[in-house]
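Below: one structure, written as C-alpha cells.
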Amino acid sequence: MAQEAAKNSRKFKGYAVLLCVLGIVFMFLYSGLQNDQINIIQAFITEAGGGWAASATQLPMTVGNFVCIILTFIYGTLFIKFGVKKPLIIVMIITAIATLGIVAANGLDCNGGAASGNYGLFFISLFVVRCGCMILQMAGFMLVANWFIRFRGQIMGIITMGSPIFSVVGTSVMTTMIANKMGGDYRPFYVGIAVIIVIICIVVAVGIKDTPEEAGLYPDGADHAPLSEADEEVKLTVADVLKQKKAWLLIISFGAFQFIINACMGSMAVRYMSLGGIEVWLTAVKWLSMGAILGIPMSYVFGFLDDKFGSVKASIVLGLTELIPVLCLMLQPEGGHVGLMIGWGFGVACMTGGVPTMHPCITSYAYGRREYQSANRIIMAIQLIPSAVAAMMMVMLIQSGKATMAYGILIVIIIVGLIATFAMLKMKDANAADRMYD
C-alpha cells in the first residue's frame with residue numbers, strides 16, 4: 001500500500017510539473033495573441049509610414065473579440081462533451097496556419113507599407129488567430145480546475161505567469177529587437193509562434209490527461225476522492241446559471257476587471273505614440289518590461305492570497321490595484337513622464353499577474369470543480385461582450401484627443417466591478433471541505 005501511494009505521488013508530481021509548464025506556455029501565447037500582439041503590429045504598420053491605419057489593423061481583433069463571445073460557449077461545451085485535448089489540438093493547428101497567414105500578408109512599413117501587403121489576408125489571418133488563441137486560456141484553466149482543488153490558487157498563479165512573461169519577452173523585448181535588430185520586420189516572430197504551437201499540440205497529444213481520475217489519481221495527489229464532491233453532481237444548464245445571483249456578480253465584477261486589462265493593454269502603444277511618437281513608446285516599453293517582470297511573481301502572489309484568504313478577498317485587492325495603471329496612463333503628459341511610466345509598469349504587473357489568475361479561481365470558488373466549465377462557458381461569454389470593444393473604444397477616443405475621458409470611463413468601470421465583488425463576501429467556497437483557509 002505504501003509503495004503504491006509513493007508511486008502515485010511521483011506519478012501525480014510528473015503530471016503536475018508538465019501541466020504547469022504547458023500552462024505557462026498556454027498563457028504566454030494567449031496573452032500575446034489575444035491582446036498584446038496588436039502593440040507590436042501597430043508599432044511597425046503605421047499610416048505615417050505608408051501602412052494601414054491603426055483602426056484598420058485593430059479591426060480584425062475587434063471583430064474577433066465579438067466572435068469569441070460565441071466561441072467561448074462553444075469551446076466550453078466541447079470541453080464538457082469531448083474533454084480538453086481533442087478540441088484544443090484541432091483549434092491550435094488552425095491557429096498555427098493563420099499565424100503564417102500574417103507573415104504572408106506583409107504590409108509592414110519597412111517593406112513599403114500597404115503597397116506591399118494584402119489586407120484581406122491580414123484581416124482573415126489575424127481574425128483567426130484571435131479566435132483560436134481563446135481556447136489556450138480556457139484549456140489551461142480547465143486542466144488546473146480538474147487537477148487541483150486545495151492548491152488551485154497557487155497553481156493558477158504559476159501558469160498565469162505566462163501572461164507577464166509575454167509582456168517582457170513579447171511586447172518589450174520583441175518590439176525593441178524588431179525595431180533595432182530586424183529593421184522593423186516582425187514576420188520571423190510569427191513563424192516562431194507557429195512552430196511553438198505545433199510542438200504544443202504534440203506534447204498535449206502524448207503527455208496530458210484531462211482529469212487525474214483518467215490517470216488513476218485524485219486532485220492534488222490526495223489518496224481519496226474530494227470530500228466536497230460527495231453529493232451528486234448538478235448538471236447546470238444555461239437557464240440555471242442565468243437565474244443565479246452569484247453568476248451575475250461574477251459577470252459584473254470580472255467583466256469589469258477583464259474590460260480594463262483589454263482596454264489598457266490593447267491601446268497602450270497608441271496612447272504613448274500619441275504623446276510623442278515611437279520614441280516615447282520605446283521609452284515606455286522599458287518600464288513595461290520592468291513591470292512585466294514584476295508581474296511574474298505577482299501572478300503567484302494573487303494565487304497565494306486566493307488559497308489563504310479566499311477568492312473574493314483576493315479579487316478585491318486586484319480591483320483596487322487596477323486603478324494604478326489607469327490613473328498613470330490618464331495623467332501622462334506630452335512627451336511622457338518617467339515617474340508615471342514606473343507607476344504604470346507596476347500597475348501592469350498587478351493587472352497582468354492578477355486578472356488571469358483570479359478569473360478562473362473565483363469561478364471555481366463559486367461553482368466547484370465539477371460545475372466549473374458548465375458555468376464558466378456562459379459567464380465568460382457574457383463578460384466578453386463589453387470587452388470586445390474595449391481596445392477599439394480606447395484607440396478611437398485617444399486618437400480623437402479624448403484620452404482623459406477614456407480613462408475616466410475606465411475608473412467608473414473599476415468602481416462598478418469592486419461593488420459587485422464586495423457583494424460576494426458572504427459567498428462560500430464550493431470546494432471548502434477540501435480547502436484550507438485561515
Side-chain angles (χ1 to χ4, degrees), residues 65 68-69 72-73 76 137-138 141 145 152-153 156 160 236 238-265 298 302-303 305-327 347 350-368 371-391 393-394 406-432 437:
N65 289 343
C68 279
I69 296 167
T72 298
F73 181 81
Q137 183 197 51
M138 294 183 69
F141 288 170
R152 70 182 174 215
M156 287 289 187
T160 54
L236 291 174
V238 174
D240 292 333
V241 175
L242 294 178
K243 290 176 184 177
Q244 296 174 326
K245 178 182 177 181
K246 64 182 179 181
W248 285 103
L249 290 175
L250 286 173
I251 289 168
I252 295 170
S253 60
F254 271 80
F257 299 155
Q258 187 65 50
F259 185 97
I260 299 303
I261 193 170
N262 288 348
C264 289
M265 301 304 287
M298 286 303 296
F302 277 104
L305 292 174
D306 178 88
D307 284 341
K308 191 171 182 65
F309 301 110
S311 299
V312 178
K313 292 179 182 177
S315 296
I316 290 172
V317 175
L318 170 62
L320 292 171
T321 61
E322 280 206 336
L323 290 167
I324 299 171
V326 173
L327 287 169
C350 297
M351 189 164 56
T352 60
V355 172
T357 301
M358 293 311 307
H359 189 281
C361 282
I362 199 165
T363 304
S364 296
Y365 185 97
Y367 286 95
E371 298 175 11
Y372 167 78
Q373 195 56 257
S374 295
N376 183 63
R377 59 181 178 155
I378 302 161
I379 291 170
M380 276 193 70
I382 298 174
Q383 288 171 336
L384 286 174
I385 295 173
S387 291
V389 299
M393 178 196 81
M394 295 299 293
Y407 292 109
I409 292 171
L410 297 189
I411 291 172
V412 173
I413 290 171
I414 293 172
I415 293 171
V416 171
L418 280 168
I419 292 171
T421 309
F422 273 104
M424 291 187 282
L425 278 171
K426 294 183 179 180
M427 185 170 65
K428 182 181 178 182
D429 189 332
N431 287 129
Y437 295 123

Query raised in the report: Hey, mind stepping through Ile261 and Thr352 against side chain to side chain contact (heavy atoms under 4.5 Å, CB included) and telling me if it holds?
Result: CA-CA 7 Å; Ile261 193 170; Thr352 60; 4.3 Å; yes
Looking only at heavy atoms, what is the nearest atom pair of [X] and [Y], with distance?
| X | Y | answer |
| --- | --- | --- |
| Leu318 | Cys350 | CD1-O, 3.7 Å |
| Ile379 | Val241 | CG1-CG1, 4.3 Å |
| Thr72 | Ala381 | CG2-N, 3.7 Å |
| Cys361 | Gly153 | SG-CA, 3.7 Å |
| Phe259 | Ile413 | CE2-CD1, 3.4 Å |
| Arg377 | Gly76 | CB-CA, 3.9 Å |

Return the [atom1] to [atom2] distance between [X] and [Y], rounded to the nearest 0.5 Å.
| X | Y | atom1 | atom2 | value |
| --- | --- | --- | --- | --- |
| Met351 | Asn262 | CE | CG | 9.5 Å |
| Thr421 | Phe257 | OG1 | CZ | 3.5 Å |
| Ile414 | Ile409 | CD1 | CD1 | 12.5 Å |
| Ile260 | Leu410 | CD1 | CG | 4.5 Å |
| Leu305 | Thr357 | CG | OG1 | 10.5 Å |

**Report entry** Expected output: side-chain Lys246 to main-chain Met427 donor-acceptor under 3.5 Å
**Finding:** no
Query - Donor-acceptor contact present, side-chain Tyr372 to main-chain Pro360, <3.5 Å - result: no
With the side chain counted from C-beta on, respond yes when [X] and [Y] share a heavy-atom pair under 4.5 Å apart, and no when they do not.
| X | Y | answer |
| --- | --- | --- |
| Ile252 | Val416 | yes |
| Phe73 | Val238 | yes |
| Thr321 | Phe302 | yes |
| Leu425 | Ile316 | yes |
| Met424 | Ile362 | yes |
| Met138 | Gln373 | yes |
| Leu327 | Tyr407 | no |
| Leu242 | Ile382 | yes |

Query - Reference residue Asp306; test side chain to side chain donor-acceptor pair (under 3.5 Å); the match among Ser311, Ser315, Ser364 - result: Ser311
Report task. State, without any angle test, whether Gln383 and His359 hold a side-chain donor-acceptor pair at a distance under 3.5 Å. Result -> yes
Query - Partner residues of Glu322 under the side chain to side chain donor-acceptor pair (under 3.5 Å) criterion, sequence neighbours left out - result: none
Query raised in the report: After noting the C-alpha distance and the side-chain angles of Arg152 and Asn431, does the key distance pass the side chain to side chain contact (heavy atoms under 4.5 Å, CB included) rule?
Result: CA-CA 11 Å; Arg152 70 182 174 215; Asn431 287 129; 3.5 Å; yes
Report task. Run the numbers on Leu418 and Leu320 for side chain to side chain contact (heavy atoms under 4.5 Å, CB included), then give the verdict. Result -> CA-CA 8 Å; Leu418 280 168; Leu320 292 171; 3.8 Å; yes
Requested in this report: Just jot down the ring pair (Phe, Tyr, Trp, His ring centres under 6.0 Å) partners of Tyr367, sequence neighbours excluded, or say none.
Outcome: none
